[in-house]
S.K.: 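Sharing a structure here in structure tokens format.
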Amino acid sequence: MVKERTKNATRNMIFGILQRMYHMLVPFFMRTAMIYFMGVQYVGLNSLFTSILQVLNLAELGVGSAMVYSMYKPIAEDDKDTICALMRLYKVYYRVIGSAIAVVGLGVTPFIPCLVSGSIPENLDLHILYLLNLAATVFSYWLFAYKNSLLMAHQRTDVTSKVSIAVGTVQYCAQFLAIYIFKNYYFYLIMAILSQIANNIVTSNIVSRMYPDYLPKGKLSKKETRSINGRIKDLFIAKLGGVVLNSADTIVISAFLGLTLLAVYQNYYFIISSICGIMETLLTSIRAGLGNSYVTESREKNYIDLKKITFMFYWLIGMCTCCFLGVFQPFMELWVGESFLLPFSVVVLLCVYFYLYETTRLLNVFKDAGGVWHEDRFRPLISALVNLSLNLAAVKYIGIYGIVLSTIVALGMIEVPWLLRNIFTVMYDSSLFKDYFKMFVSWIVATVFSCASIAVLTYKVTLSGWGAFAFFVVVSVLIPNIVFLLLMHRKEEFKLSISMVNRITHNKLPVIKNL
């Protein structure tokens, strides 16, 4: 079973990263085309509608995670009747969710113009644009979305990745024609709706062929249904805060600072979120395996996995943080021009935000795999309320600085400490917290030292253009890896991580093998 978990996690990771890379590079090209052929305000509109629809998706919060978690045990026991009954319940819930989003979404339509400060592009109707975006979201729930639970619970999200890449290719080609030839934003959004429909139908057909014995039929006991509903309630409260935390910044910027500044901010955030997407793929690929491990393995074994995965993940996000600090400004200058740059001090804050955000994502994966939702249900909600309150209070006085600082405070002062407390009081022995926290602090120190070295270079080096970009790409990769290797190579987690990489690659990487 352990070998199967590793195999599935590796496969999901490979195809998940390919999907994320694809959906990072091609949308980057599309975003560039929209900026140069249609105007920067269209990019701002895209970001605004995405954030509004994230808020409307509150109806789904908790259902997907709770249902997939409920499938871990019956899949391990090959209990097909329970899996079929879960699918039926999942189908009913998603139909209701889609209807609820449609009703609430239509109800807020008249208020959409209040969320935009300043002018919008000519010949556009905000209400029509919003309704097109709403339709894409609703169809995603009505059309066989419940079948994705089987792929997630069986650790076969690589199938979803392949379908997404295939359907996305057709979508992006059609949307590029809408931008370059027709310069029609309505056509651009209609292609997104058709793509969502096609994606769901294709995935549904594949799942039916892969798991022909699993049909949405049967009925769960009242006890099991109450247990699932309890998990959904806990997850809803928790993930409600996560949505507000992630969406508030965009909506507040649009309402108070305008679409143009929102587009500039979102250019930076687009790069950050693309890397976050790759990190999410890595974490998602191991979540089902962790869930199975918590059901079948000892606490000691699971704690070793926590340290090992934390060690590897912090190496990655530390390196990414350094790269953001060094490469952001020269890259943005080449991409969109000097007039669309944010101050370097904002870039520093965005790097801090990224590091803290990914820390919460990592801890959340372990929390979700262990089903620690009831104890954690109020954390994201309180964090989101603090973030939103600080946003509204600070944006009038310090503008974009207030937006980013508010999120940093919420993540660093509430999210991370609360998650650590929940994990080490429910999933692991509290006596292990001191050992884990030492590793946690050592990574922060190593990352801060690496970033400080790169920041000094930004003031010393006077290169510009492609020369600056190439130079900082090299130093932003080399400095953190050298620092991390020097500081961490003697730690037990380093040896465990190398062993895991060797097992995944079958000792085919000579450099790793010899470490």
Side-chain angles (χ1 to χ4, degrees), residues 21 24-44 46-47 179-180 249 253 257-278 316-355 357-358 398-405 408 446-484:
M21 292 295 291
M24 177 177 68
L25 295 174
V26 179
F28 171 78
F29 173 77
M30 299 292 292
R31 191 181 188 91
T32 304
M34 186 172 287
I35 290 172
Y36 283 98
F37 296 129
M38 296 184 70
V40 71
Q41 286 186 317
Y42 287 91
V43 176
N46 257 350
S47 302
I179 293 172
Y180 181 65
D249 292 356
I253 292 172
L257 305 177
L259 289 177
T260 299
L261 183 57
L262 174 60
V264 174
Y265 170 80
Q266 283 292 328
N267 285 340
Y268 287 80
Y269 188 76
F270 173 79
I271 305 300
I272 291 177
S273 62
S274 297
I275 301 302
C276 287
I278 295 175
L316 283 175
I317 66 172
M319 185 175 65
C320 289
T321 303
C322 293
C323 288
F324 284 143
L325 189 69
V327 177
F328 248 148
Q329 294 301 68
F331 174 76
M332 286 296 171
E333 188 173 353
L334 289 172
W335 179 29
V336 293
E338 192 175 349
S339 58
F340 291 113
L341 293 182
L342 291 174
F344 183 72
S345 52
V346 177
V347 172
V348 173
L349 293 178
L350 287 173
C351 291
V352 176
Y353 158 78
F354 168 79
Y355 197 87
Y357 179 71
E358 286 303 315
I398 52 177
I400 196 71
Y401 291 95
I403 299 294
V404 186
L405 278 170
I408 289 173
T447 304
V448 169
F449 179 80
S450 301
C451 286
S453 302
I454 294 171
V456 170
L457 284 174
T458 62
Y459 287 100
K460 298 291 185 180
V461 176
T462 57
L463 294 173
S464 61
W466 285 103
F469 177 72
F471 174 80
F472 280 108
V473 166
V474 173
V475 299
S476 297
V477 172
L478 286 180
I479 287 177
N481 280 292
I482 292 172
V483 171
F484 296 166

S.K.: Show the numbers, then the answer: is there a side-chain contact (heavy atoms from CB on, under 4.5 Å) between Met34 and Asn46?
M.R.: CA-CA 10 Å; Met34 186 172 287; Asn46 257 350; 3.8 Å; yes

S.K.: Using only atom types and a distance under 3.5 Å, with no angle test, would you say the side chain of Ser476 pairs donor to acceptor with the backbone of Val473?
M.R.: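 Flag not set: sc Ser476 to bb Val473 has no pair under 3.5 Å.
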
S.K.: side-chain contact (heavy atoms from CB on, under 4.5 Å) for Phe354 and Ile275? Distances and angles first, verdict last.
M.R.: CA-CA 10 Å; Phe354 168 79; Ile275 301 302; 4.1 Å; yes

S.K.: A quick test of your reading: do over 12 heavy atoms of other residues, nucleotides or ligands sit less than 6.0 Å from OH of Tyr36?
M.R.: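 More than 12 heavy atoms, drawn from other residues, nucleotides or ligands, come within 6.0 Å of this atom.
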
S.K.: With a 6.0 Å cut-off on the ring centroids, do Phe28 and Phe331 count as close?
M.R.: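 When the ring centroids of Phe28 and Phe331 are compared, they turn out to be within the sub-6.0 Å range.
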
S.K.: Under a 4.5 Å cut-off applied to non-hydrogen side-chain atoms, are Ser47 and Phe270 in contact?
M.R.: no

S.K.: Answer yes or no: are there more than 12 heavy-atom neighbours, outside Phe37 itself, under 6.0 Å from its atom CZ?
M.R.: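 Check passes, neighbour count above 12.
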
S.K.: Of all residues at least two apart in sequence or in a different chain, which pass the side-chain contact (heavy atoms from CB on, under 4.5 Å) check with Val40?
M.R.: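 For Val40, the residues satisfying side-chain contact (heavy atoms from CB on, under 4.5 Å) (neighbours in sequence not counted) are Thr260, Ala263, Phe340.
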
S.K.: Could you tell me the separation between the OH atom of Tyr355 and the SG atom of Cys322, rounded to the nearest 0.5 Å?
M.R.: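 So the gap between those two atoms works out to 9.0 Å.
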
S.K.: Taking all atoms of both residues into account, what is the closest heavy-atom pair of Ile454 and Gly326, and its distance?
M.R.: CG2-CA, 3.7 Å

S.K.: Got a sec, which residues hit side-chain contact (heavy atoms from CB on, under 4.5 Å) with Leu334, two or more places apart in sequence or on another chain?
M.R.: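 Trp466, Phe469.
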
S.K.: Under the side-chain contact (heavy atoms from CB on, under 4.5 Å) test, which residues partner Ala470, sequence neighbours left out?
M.R.: none

S.K.: Compare all side-chain heavy atoms of Leu457 with those of Phe472 and state whether any distance is below 4.5 angstrom.
M.R.: yes

S.K.: Quick check: closest heavy atoms across Cys451 and Thr321, and the distance to 0.1 Å?
M.R.: SG-CG2, 3.9 Å

S.K.: Say you draw a straight line from CG of Asp249 to CG of Leu262; how long is it, rounded to the nearest 0.5 Å?
M.R.: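 Reported value, rounded in 0.5 Å steps: 10.5 Å.
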
S.K.: To the closest 0.5 Å, what do you measure between CG (Leu261) and CD1 (Ile253)?
M.R.: 6.0 Å

S.K.: What's the spacing between Ile272 CD1 and Leu350 CG if we round to 0.5 Å?
M.R.: 4.5 Å

S.K.: Please check if atom CZ in Phe449 has more than 12 non-hydrogen atoms from other residues, nucleotides or ligands closer than 6.0 Å.
M.R.: no

S.K.: So Val347 and Phe324, side-chain contact (heavy atoms from CB on, under 4.5 Å) or not? Walk me through it.
M.R.: CA-CA 8 Å; Val347 172; Phe324 284 143; 5.8 Å; no

S.K.: Nearest 0.5 Å please: distance from the CG atom of Asn267 over to the CZ atom of Arg31.
M.R.: 4.5 Å

S.K.: What closest approach, in Å, do Gln329 and Pro343 show between heavy atoms, and which atom pair accounts for it?
M.R.: NE2-C, 4.1 Å

S.K.: Heavy atoms, side chains only, cut-off 4.5 Å: are Tyr42 and Ile35 in contact?
M.R.: no

S.K.: When rounded to the nearest 0.5 angstrom, what distance separates OG in Ser339 from CD in Glu333?
M.R.: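 Those atoms lie 10.0 Å apart.
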
S.K.: If you apply the rule side-chain contact (heavy atoms from CB on, under 4.5 Å), what do you find for Val346 with Tyr268, and how did you get there?
M.R.: CA-CA 10 Å; Val346 177; Tyr268 287 80; over 6 Å; no

